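The basis for the numbers below is simple: all heavy atoms, side chains too, and nothing from hydrogens, waters or symmetry mates. Keep in mind the model is a prediction, meaning the values are calculated, not measured.
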Amino acid sequence: MASLNLGYWVQSYYMSNQVSSISKSFPLPRSLPFNPLTTQSSSTLKKVNFTSLPSITSVLTKEDIVKEEEQDPQKSSFDFNSYMLQKASAVNQALESAVSLRDPVKIHEAMRYSLLAGGKRVRPVLCLAACALVGGRESMAMPAACAVEMIHTMSLIHDDLPCMDNDDLRRGKPTNHKVFGEDIAVLAGDALLAFAFEHIAVSTVGVPPSRIVRAIGELAKAIGGEGLVAGQVVDIISEGLTDVGLDHLEFIHVHKTASLLEAAVVLGAIVGGGCDEEVEKLRKFARCIGLLFQVVDDILDVTKSSKELGKTAGKDLVADKVTYPKLMGIQKSKEFAEKLKTDAIELLQGFDPAKAAPLIALANYIAYRQN
């Protein structure tokens with residue numbers, strides 16, 4: 001991961017009086033477990049003023065950095081680029097070790113081809129950061145972090161198949177089925193899915209069995225018929241429909257995209273020993289940034305080139321899929337993304353500010369990413 005390309009979007013899209021109007025104009029369906037546009041204060045977790053947080057220089061504009069240095073030249077700085085590089089490197093090493101090249105060679109080659117093809121490793125890093133936030137050690141969460149990335153990779157392999165999105169490019173490389181054939185690509189995804197659960201069960205150390213079982217249950221629910229698969233199915237059957245509204249779109253993306261990001265954070269909190277209140281607060285944080293991830297993805301799909309994205313640009317438009325820009329326009333979509341980011345960061349109040357800094361930076365990164 002040579003560069004995270006941060007900071008391009010770091011600007012304010014609307015004034016404070018517009019913030020409240022977004023949640024009124026674009027309500028979430030009542031059937032969702034919670035409304036990510038509505039934050040709830042905790043009666044037991046102590047409120048923390050996040051102005052005391054270390055400055056996250058990698059997600060600030062040059063002007064903002066200068067202003068902060070003028071106000072407090074002694075303020076310590078959280079280096080998000082270094083943090084991501086270090087954590088992504090640790091995740092990559094763990095993935096390399098977990099999925100080694102062994103018999104049958106062909107299937108393990110295909111698994112490793114997509115699993116080790118790069119990527120920002122946002123989901124596993126979220127898992128590690130959530131674990132640290134509640135007082136856990138990185139080693140406790142690494143198997144779960146790797147499992148989430150294995151399942152994410154499985155979803156990409158299957159998404160790219162001709163029967164799904166029919167994509168030729170992923171992370172700047174030919175998609176798995178273009179290299180290994182459709183049959184091996186399907187099986188590579190299946191193998192990664194199965195191994196993800198085996199890896200959590202067998203490789204997690206220093207964590208009570210009850211937490212491991214709970215984590216496995218959370219992950220299974222997040223990707224099954226009530227999670228990722230549910231979102232995928234509704235997305236598929238919605239192609240070409242003309243009467244799809246925002247509630248419908250929210251359902252697709254809360255399940256299709258946000259559920260796995262949510263699982264990453266929740267798994268980290270569970271194995272790290274977080275109490276129920278901490279786990280649920282982080283679940284809401286993750287739901288916000290998961291939906292944020294998809295809103296940004298929709299915007300990038302229509303504003304960036306295939307070279308910039310590392311995957312085929314404009315494919316949602318070609319497939320006549322309903323997206324946030326299609327329903328709301330580019331500017332309102334950006335405003336909605338900013339609102340989700342703000343609400344996500346608000347949900348981290350009550351936690352140790354220094355330990356929350358990586359999650360705040362990740363929320364900013366998801367909001368302002370360029371690919």
Side-chain angles (χ1 to χ4, degrees), residues 1-6 58 78-101 108 111-134 136-157 170-173 176 188-189 191-193 195-207 212 215-216 218-219 222-223 257 260-272 282 286 289-290 293 310 355 357-363 365-366 369 371:
M1 187 171 67
S3 173
L4 293 175
N5 194 17
L6 303 172
S58 60
F78 175 72
D79 190 339
F80 182 52
N81 277 331
S82 295
Y83 176 85
M84 284 297 292
L85 288 170
Q86 187 268 318
K87 296 301 180 185
S89 176
V91 169
N92 287 333
Q93 290 177 25
L95 290 170
E96 169 80 30
S97 177
V99 185
S100 60
L101 194 58
H108 289 95
M111 292 165 68
R112 287 168 58 86
Y113 176 81
S114 294
L115 186 64
L116 305 178
K120 295 170 283 291
R121 306 306 191 199
V122 170
R123 291 159 187 82
V125 174
L126 281 167
C127 185
L128 299 179
C131 179
L133 182 62
V134 298
R137 302 184 305 277
E138 182 175 296
S139 60
M140 299 165 72
M142 187 60 80
C146 288
V148 169
E149 190 66 9
M150 291 173 195
I151 291 173
H152 174 54
T153 301
M154 172 276 297
S155 72
L156 299 182
I157 294 173
R170 173 68 67 178
R171 290 171 176 165
K173 299 173 62 177
N176 197 289
L192 284 168
L193 175 60
F195 186 63
F197 290 98
E198 177 186 342
H199 193 57
I200 294 180
V202 173
S203 301
T204 304
V205 295
V207 178
I212 298 174
I216 289 173
E218 283 279 350
L219 185 56
I223 64 174
T257 302
L260 191 55
L261 277 157
E262 178 184 326
V265 173
V266 170
L267 262 62
I270 289 173
V271 298
L282 285 170
I289 62 170
F293 193 98
K355 291 182 178 180
L359 287 173
I360 293 172
L362 280 160
Y365 169 67
I366 290 171
R369 66 192 176 94
N371 56 38

Practice prompt. Give the intermediate values and the outcome of side-chain contact (heavy atoms from CB on, under 4.5 Å) for residues Leu362 and Met84.
Written response: CA-CA 9 Å; Leu362 280 160; Met84 284 297 292; 3.6 Å; yes

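Taking every heavy atom of both residues into account, Gly272 and Cys131 meet most closely at CA-SG, 3.6 Å. Among all heavy-atom pairs drawn from Phe293 and Arg369, the shortest one is O-NH2, 3.0 Å. Nearest heavy-atom pair across Ala215 and Leu267 is O-CD1, 3.6 Å. The minimum heavy-atom distance linking Ala196 with Met150 is given by the pair CA-SD, 3.8 Å. The nearest pair of heavy atoms linking Ala130 to Val265 is CB-O, 3.3 Å. The shortest heavy-atom contact between Thr204 and Ile200 is OG1-O, 2.6 Å.
How far CG of Leu115 is from SG of Cys146: 8.0 Å, rounded to the nearest 0.5 Å. One distance of note links OG of Ser82 with NZ of Lys87; it measures 12.0 Å at 0.5 Å rounding. The OG atom of Ser203 sits 7.5 Å away from the CD atom of Glu198 when rounded to the nearest 0.5 Å. Atom OG1 of Thr153 sits about 12.5 Å away from atom CZ of Arg112, to the nearest 0.5 Å. The structure places CE of Met142 at 4.5 Å from CG of Leu128, a figure rounded to the nearest 0.5 Å. Taking CG of Leu282 as the reference point, atom CD1 of Ile270 lies at 10.5 Å (rounded to 0.5 Å).
Counting only heavy atoms from C-beta outward, the side chains of Leu219 and Leu260 approach each other to under 4.5 Å. Side-chain contact check for Pro358 versus Phe78: some heavy-atom pair is nearer than 4.5 Å. A heavy-atom distance below 4.5 Å is not found between the side chains of Glu262 and Ile289. Between Leu126 and Val148, every side-chain heavy-atom pair lies at or beyond the 4.5 Å cut-off. When side chains are defined from C-beta on, Leu116 does not count as touching Val99, because their heavy atoms never get closer than 4.5 Å. When side chains are defined from C-beta on, Tyr113 does not count as touching His108, because their heavy atoms never get closer than 4.5 Å. Side-chain contact between Val205 and Met140: absent, with no pair of heavy atoms (C-beta onward) separated by less than 4.5 Å. Within the 4.5 Å cutoff, no side-chain heavy atoms of Leu192 are placed close to those of Ile151.
For the pair Lys120 and Tyr365, the cation-pi criterion (under 6.0 Å, within 45° of the ring axis) is not fulfilled.
Partners of Gln93 according to the side chain to side chain contact (heavy atoms under 4.5 Å, CB included) rule, which considers only residues two or more places apart in sequence or in another chain, are Ser89.
A distance-only check finds no donor-acceptor pair linking the side chain of Ser114 to the backbone of Met111 [under 3.5 Å].
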